[in-house]
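Before any comments, here is the structure.
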There are 2 protein chains.
Amino acid sequence: MIDKYKVADQSIQITEQQNMIRVAVDVALFTIRDEKFQILLIKRGIPPFLGFWALPGGLIRTNLGKLGEDPKSAAIRELREETGLTVAPGHIEQLKTYGSPDRDPRNRVISIAHLGIGPNLDNPSGGSYAIHAEFIPVEGIDQEFKLAFDHKLIIDDAIDRARSKLEYTTLATEFCPPEFTITQLRTVYEIIWSIPLDPGNFQKKVLSSPGFVEDTGKNANPLSGGGRPARLYKSGSTAMINLPIRRN
Amino acid sequence: MIDKYKVADQSIQITEQQNMIRVAVDVALFTIRDEKFQILLIKRGIPPFLGFWALPGGLIRTNLGKLGEDPKSAAIRELREETGLTVAPGHIEQLKTYGSPDRDPRNRVISIAHLGIGPNLDNPSGGSYAIHAEFIPVEGIDQEFKLAFDHKLIIDDAIDRARSKLEYTTLATEFCPPEFTITQLRTVYEIIWSIPLDPGNFQKKVLSSPGFVEDTGKNANPLSGGGRPARLYKSGSTAMINLPIRRN
DNA sequence: GCAAAAGTGTTACCCTTACACCCATGT
DNA sequence: ACATGGGTGTAAGGGTAACACTTTTGC
C-alpha cells in the first residue's frame with residue numbers, strides 16, 4: 001500500500017535529475033476572418049510529422065533567469081516566435097494538459113494547451129526554417145486533414161471550450177474590435193455556433209445583461225446602401241453573463 | 001520576431017537533457033462525511049512546509065516501462081500510496097495545471113491538479129514516514145489554515161469546479177452510494193452549495209431529466225420514526241443534465 | 001419614396017417557484 | 001390515530017421566442 005519510493009522522491013529531487021520531463025505549451029488561437037471561424041496552424045518543416053499541420057508551440061524554457069518562465073508567458077512567446085503574432089495575456093487562457101506517454105514519438109513531452117482569441121490579427125508571418133503559418137477555417141478540419149501528434153484532439157477540445165464559453169461569458173467580445181455594434185457581436189455567435197439568432201431578441205438580452213457591453217455614445221458609419229447607423233459599444237468589465245445566450 | 005532558438009530546441013531535444021522539468025500530480029479528493037463537504041489532506045512530515053497541510057500528490061514517474069505513466073494513473077497511484085484510498089478512474093478528472101516558476105521553493109515543479117470524488121471511503125490510513133492523512137471540512141479551510149505551496153489556490157479552484165459542475169452534470173451522483181434515494185441526492189446539493197432546496201421541485205426536475213437517474217424498482221428501508229419508504233435509484237449513463245439544477 | 005439595417009413592442013408559451021395536498025410507513 | 005418523510009398537483013409569476021412594428025439612414 002505504502003510505496004517505498006514516496007519519500008525517496010521527495011528527498012532526492014533537489015539534487016538528482018530523475019523523473020524529469022519535457023514540458024511544452026501549445027496554442028489554439030482562434031479568430032474570425034472572411035466571416036469564418038478560423039484557427040492558426042503551422043505547417044511543420046521538420047520531422048516527425050513533416051508536412052503535417054500543427055498548433056504553434058514549443059518547450060517551456062528553464063534557462064531564462066533562475067527559475068524559468070511560466071506556462072502562459074511561454075505560450076505567448078512561442079506564438080510570436082513561430083507566427084509573428086502577438087496575443088495579449090487577457091486573451092489567452094489555459095485549456096488542458098495533454099500527457100499521454102506516447103503522444104510524441106521521439107520521447108516524452110507533456111503539453112499544456114492554451115486557448116487564445118485574436119481579433120484584428122495581421123497575417124501570420126511565414127517563419128524561416130520552412131515553417132509556414134496560416135489561418136484555417138475550423139469547418140475544414142476533418143478526418144482527412146493531416147494533423148501532427150494529438151493536435152486533432154486538442155483542437156476539438158479547444159473548439160468545444162470556445163463554443164460553450166460564448167454562452168455564459170463575454171468571450172465573444174474578444175473576437176470584436178475595441179468598439180463594435182450589437183450586430184457585429186451577434187455575428188460572432190452566429191459564425192461560431194453556425195446558427196442564426198433573432199436580431200431583436202439578441203439586442204435586448206445583451207443590453208439587459210449588466211456589464212456585458214458599455215455604451216460609447218458614438219454611432220458607427222452607416223453601410224453603403226442604407227440602414228440606420230448602429231450604436232457603438234465596448235466590452236464591459238464583467239466576466240460573466242447572468243442571462244445566458246442560448247443555442248436552441 | 002523570429003527567434004533563433006526555435007528550431008534549435010526542436011532538433012536537440014532528442015538527445016540533450018535541456019529544458020526538462022519535474023512534473024507532479026496533486027489530487028483534491030472530495031467526499032461527504034458527517035453531513036459535511038470534506039477534502040482529503042495530508043500533514044507534511046518533511047520540509048519544506050513541515051507540519052503544513054497539503055494535497056496528496058507526487059512526481060510523475062518516468063522509469064516505469066519505456067515511456068512512463070500518464071498523469072491520471074499517477075494521480076490515482078499517489079493517492080493510494082499516500083492515503084491508502086483508491087478512487088476509480090471514472091471519479092477523477094483533470095482540474096488545471098499550476099506552473100508558476102516559484103511555486104516550489106526547492107526547484108521548479110509543475111503540477112497537474114486533479115479533482116476526485118470519493119463516495120463511501122474508508123478512513124485514510126495514516127502513512128508511515130510521519131505522513132498523516134485526514135478528511136477536513138472545506139468550511140474550515142480559511143486564511144488561518146496552513147497549507148503548503150500554492151495548494152490553497154488549487155483547493156479553491158477545485159471547490160469552485162465541483163460546485164459549478166453540480167449544476168449541469170450528474171456529478172452529484174458520484175457522492176452517493178450505488179443505489180440512493182432522491183432525498184440523498186438532494187442532500188448532496190444542499191451540503192455542497194450550503195442552501196436548502198425544495199424537495200418536491202427537486203424530485204420533479206431530476207426525474208424529468210432523461211438519463212440523470214435510473215429507477216431500480218426497489219425501495220429503501222423506512223427510517224425509524226416513520227415516513228414513506230423512498231424509491232431507490234442508480235446513476236444514469238448520461239453525463240449532462242438538460243434542465244440545470246439552479247442555486248437561486 | 002423605397003430598400004435596408006437598427007432597434008423596440010407585443011403576445012403566446014414554457015418553465016419555475018411556492019406551497020398545498022396526498023401516500024406509505026413506524027410507533 | 002398521529003407524526004414523519006416521500007411524492008404529486010396546481011396556480012401565479014417571470015423569461016423566452018417569434019414576429020410585428022418603428023426609426024434612421026443611402027440611393
Side-chain angles (χ1 to χ4, degrees), chain A residues 35 166-168 172-173 176-177 179-191 193 195-210 212-234 240-248, chain B residues 35 166-168 172-173 176-177 179-191 193 195-210 212-234 240-248:
Chain A
E35 300 181 341
L166 284 190
E167 199 161 331
Y168 57 93
T173 62
C176 295
E179 300 190 335
F180 53 87
T181 67
I182 300 292
T183 295
Q184 280 182 288
L185 185 64
R186 175 169 47 82
T187 305
V188 170
Y189 282 88
E190 293 178 328
I191 289 171
W193 283 349
I195 53 162
L197 295 173
D198 183 280
N201 292 336
F202 183 85
Q203 179 109 4
K204 279 174 288 185
K205 187 168 280 189
V206 168
L207 295 182
S208 70
S209 206
F212 193 169
V213 294
E214 210 173 304
D215 196 335
T216 66
K218 291 183 283 185
N219 277 353
N221 295 324
L223 309 175
S224 72
R228 174 175 171 175
R231 187 166 288 261
L232 282 170
Y233 295 87
K234 58 183 177 182
M240 300 302 278
I241 304 176
N242 19 15
L243 303 173
I245 312 285
R246 305 214 188 218
R247 265 192 270 191
N248 305 324
Chain B
E35 300 181 341
L166 284 190
E167 199 161 330
Y168 57 93
T173 61
C176 296
E179 299 190 337
F180 54 87
T181 67
I182 300 291
T183 296
Q184 280 181 288
L185 185 65
R186 175 168 47 82
T187 305
V188 170
Y189 282 88
E190 292 177 329
I191 289 172
W193 284 348
I195 53 161
L197 295 173
D198 183 280
N201 292 336
F202 183 85
Q203 180 108 5
K204 278 176 289 188
K205 187 168 279 187
V206 168
L207 295 182
S208 70
S209 205
F212 193 169
V213 295
E214 211 172 303
D215 197 334
T216 66
K218 292 183 285 187
N219 277 351
N221 294 326
L223 308 175
S224 71
R228 173 173 170 177
R231 187 166 289 260
L232 283 170
Y233 295 87
K234 58 183 178 182
M240 300 303 277
I241 304 175
N242 19 15
L243 303 173
I245 313 285
R246 305 213 188 218
R247 264 191 272 191
N248 305 324

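What you see is a predicted model, and the numbers here were worked out from it, not measured in a lab. Every chain is numbered from 1, with letters handed out A, B, ... down the list of sequences. No hydrogens, no waters, no symmetry mates; every other heavy atom, side chains included, goes into these values.
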Between atom [atom1] in [X] and atom [atom2] in [N], what is the gap in whole Å?
{"X": "B:Phe202", "N": "D:dG6", "atom1": "CZ", "atom2": "C1'", "value": "14 Å"}
{"X": "A:Asn221", "N": "D:dG26", "atom1": "CG", "atom2": "C1'", "value": "13 Å"}
{"X": "A:Gln203", "N": "D:dA17", "atom1": "CD", "atom2": "P", "value": "16 Å"}
{"X": "A:Leu197", "N": "D:dC19", "atom1": "CG", "atom2": "P", "value": "15 Å"}
{"X": "A:Tyr233", "N": "C:dA6", "atom1": "OH", "atom2": "P", "value": "12 Å"}

Under a 3.5 Å distance rule, please check whether [X] uses its side chain to pair with a backbone N or O of [Y] as donor and acceptor.
{"X": "A:Ser209", "Y": "A:Lys205", "answer": "no"}
{"X": "B:Glu35", "Y": "B:Ile191", "answer": "no"}
{"X": "A:Gln203", "Y": "A:Gly200", "answer": "no"}

Ring pair (Phe, Tyr, Trp, His ring centres under 6.0 Å) against A:Tyr189, all qualifying residues, sequence neighbours excluded: A:Trp193, A:Phe202
Test side chain to side chain contact (heavy atoms under 4.5 Å, CB included) applied to B:Leu185 and B:Tyr233, step by step: CA-CA 10 Å; B:Leu185 185 65; B:Tyr233 295 87; over 6 Å; no
Pairing residues for A:Lys218 by the side chain to side chain donor-acceptor pair (under 3.5 Å) criterion, not counting sequence neighbours: A:Glu179
Contacts of A:Thr173 that satisfy side chain to side chain donor-acceptor pair (under 3.5 Å) - sequence neighbours left out: A:Ser235
For residues 219-227 of chain A, tabulate all N or O donor-acceptor pairs below 3.5 Å that involve a side-chain atom, not counting sequence neighbours.
none

Nucleotide-resolved protein contact map, nucleotides 18-27 of chain C, B/S/- at heavy-atom distance under 4.0 Å: BB---BBBS-
Residues from residues 181-191 of chain B lying under 4.0 Å of DNA chain D - heavy atoms: B:Thr183
Shortest side-chain distance from A:Lys205, nucleotide among D:dA17, D:dT8, C:dT8: D:dA17
